[in-house]
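Comments concern the structure below.
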Amino acid sequence: MSPDPLSITFAALADPTRRTILARLAQGEASVGELAAPFDMSLPAISKHLKVLENAGLIARGRDAQWRPCQLTASPLKDAVAWLEHYRPFWEQSFERLEEYLRKVQRKEKKHGRKKK
């Protein structure tokens with residue numbers, strides 16, 4: 001059984017190097033050498049990361065003579081965001097509970113005359 005596209009997307013996003021590469025490609029297309037420049041790793045290692053991103057559909061590689069520019073293809077990210085949005089109410093409720101807790105702590109501190117550090 002092959003993994004579903006969303007699992008492939010999240011697996012590709014699990015690595016910080018790959019997320020950094022995507023952030024760079026969000027600024028515009030780049031060559032493998034340009035993408036590898038900020039990292040202390042070999043070009044073959046960067047190529048492996050690019051292959052994972054390409055298999056997830058997150059990047060596309062073109063061909064222009066000797067130059068193979070990489071481009072961001074964000075459509076799999078749209079599916080990931082849609083999945084995460086499903087959990088937004090949970091996050092918002094958690095933040096509301098945290099905010100209420102912090103208000104209670106501040107009221108107690110004021111009542112007992114404690115000063116903020």
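A quick note: this is a predicted structure, and the numbers were derived from the prediction, not measured.
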Mark yes or no for whether Arg68, through its side chain, and Val32, through its backbone, hold a donor-acceptor pair below 3.5 Å.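 Between the backbone of Val32 and the side chain of Arg68 there is no qualifying donor-acceptor contact (under 3.5 Å).
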How close do [X] and [Y] get, counting heavy atoms only, and between which atoms?
| X | Y | result |
| --- | --- | --- |
| Arg24 | Gly28 | NH1-O, 3.0 Å |
| Ala56 | Pro76 | O-CG, 3.5 Å |
| Pro38 | Glu34 | CD-O, 3.7 Å |

To which residues is Ile8 joined in a hydrophobic cluster, defined by side-chain heavy-atom contacts under 4.5 Å among Ile, Leu, Val, Met, Phe, Trp and Tyr, whether direct or through other members?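 None; Ile8 is a cluster of one.
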Supply the members, apart from Tyr101, of the Ile/Leu/Val/Met/Phe/Trp/Tyr cluster built from side-chain contacts under 4.5 Å; use none for a lone residue.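 Hydrophobic cluster check, Tyr101: joined to Leu98, Leu102, Val105.
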Same cluster or not: are Leu6 and Tyr87 linked, directly or through other Ile, Leu, Val, Met, Phe, Trp or Tyr residues, by side-chain heavy atoms under 4.5 angstrom apart?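 Yes, one cluster joins them.
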Applying side chain to side chain donor-acceptor pair (under 3.5 Å), name anything that partners [X], two or more places apart in sequence or on another chain.
| X | answer |
| --- | --- |
| Arg61 | Glu54 |
| Glu85 | Arg88 |
| Glu99 | Arg103 |

Run the ring pair (Phe, Tyr, Trp, His ring centres under 6.0 Å) test against [X] and tell me which residues pass, sequence neighbours left out.
| X | answer |
| --- | --- |
| Phe90 | none |
| Phe39 | none |
| Trp67 | none |

Inter- and intrachain pairs under ring-ring contact (aromatic ring centres under 6.0 Å, His included), touching residues 3-31, at least two apart: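 Matches after skipping sequence neighbours: Phe10-Trp83.
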Beyond-backbone contact of Leu58 with Val52, side-chain heavy atoms, under 4.5 angstrom: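 Leu58 vs Val52: side chains apart.
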Do Leu25 and Leu53 come within less than 4.5 Å of each other through their side chains, counting heavy atoms only?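 No. Closest side-chain heavy atoms not under 4.5 Å.
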To the nearest 0.5 angstrom, please state how far the CG atom of Leu22 sits from the OG1 atom of Thr17.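 Going from CG on Leu22 over to OG1 on Thr17, the span is 11.0 Å.
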Quick check for you: to the nearest 0.5 Å, what is the distance between Leu50 atom CG and Leu35 atom CG?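 These two atoms lie 6.0 Å from each other.
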Under the side-chain hydrogen bond (donor to acceptor under 3.5 Å, both in side chains) definition, can you give me all pairs with a residue in residues 69-81, not counting sequence neighbours?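 Passing the test, one end in residues 69-81: Glu29-Gln71.
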Suppose the criterion is side-chain hydrogen bond (donor to acceptor under 3.5 Å, both in side chains): which pairs have a residue in residues 37-49, not counting sequence neighbours?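 Listed by first then second residue: Arg18-His49.
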Can you name the residues that form a side-chain contact (heavy atoms from CB on, under 4.5 Å) with Arg97, not counting sequence neighbours?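 Here the qualifying residues are Gln93, Ser94.
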